[in-house]
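The structure appears right after this line, and notes come after that.
Predicted model, so just to flag it, every value in this text is computed and none were measured.
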Amino acid sequence: MPLYIRDNSVDALAGELRIALKAPSKTEAVRIALRHELDRTRRGLPIRQRLAKALELADAMGPGDPAFSMKAFTDEMWDEN
């Protein structure tokens, strides 16, 4: 769904940002600004919340193999038996 800016002050800010960023369009300037703001906001979240998706994926994989040896695996990968 498209986003229409109907506020003159927001439109002016988008134009000012487009010039400052040398963006080809106001749309691109707004995209860059929104991406930066999302990144900044996410960095402010607690580490547990930022890692929630990774922890969910790790939990879905199930428990690790207690007999697994990373050294043996790496040696085999590099053919250093």
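Nearest heavy atoms, R50 versus R42: CD-O, 2.9 Å. Nearest heavy atom pair, residue G64 against residue P66, reads O-CD, 3.2 Å. Listed here is the closest heavy atom pair of L17 and A29: CD2-O, 3.5 Å.
The CZ atom of R31 sits 7.0 Å away from the OG atom of S25 when rounded to the nearest 0.5 Å. Rounding to the nearest 0.5 angstrom, the gap separating the CG atom in L51 from the CG atom in L45 is 10.5 Å. Taking CG of D7 as the reference point, atom CD1 of I5 lies at 8.5 Å (rounded to 0.5 Å). Taking CG of L55 as the start and NZ of K53 as the end, the distance is 11.5 Å to the nearest 0.5 Å. To the nearest 0.5 Å, the span separating CG on L13 from CG on N8 amounts to 11.0 Å.
Among residue pairs with one or both ends in residues 15-71, those qualifying as ring pair (Phe, Tyr, Trp, His ring centres under 6.0 Å) are F68-F73; sequence neighbours excluded.
For the pair K71 and D75, the salt-bridge criterion is met [side-chain N within less than 4.0 Å of a carboxylate O].
When side chains are defined from C-beta on, K26 counts as touching D11, because their heavy atoms get closer than 4.5 Å.
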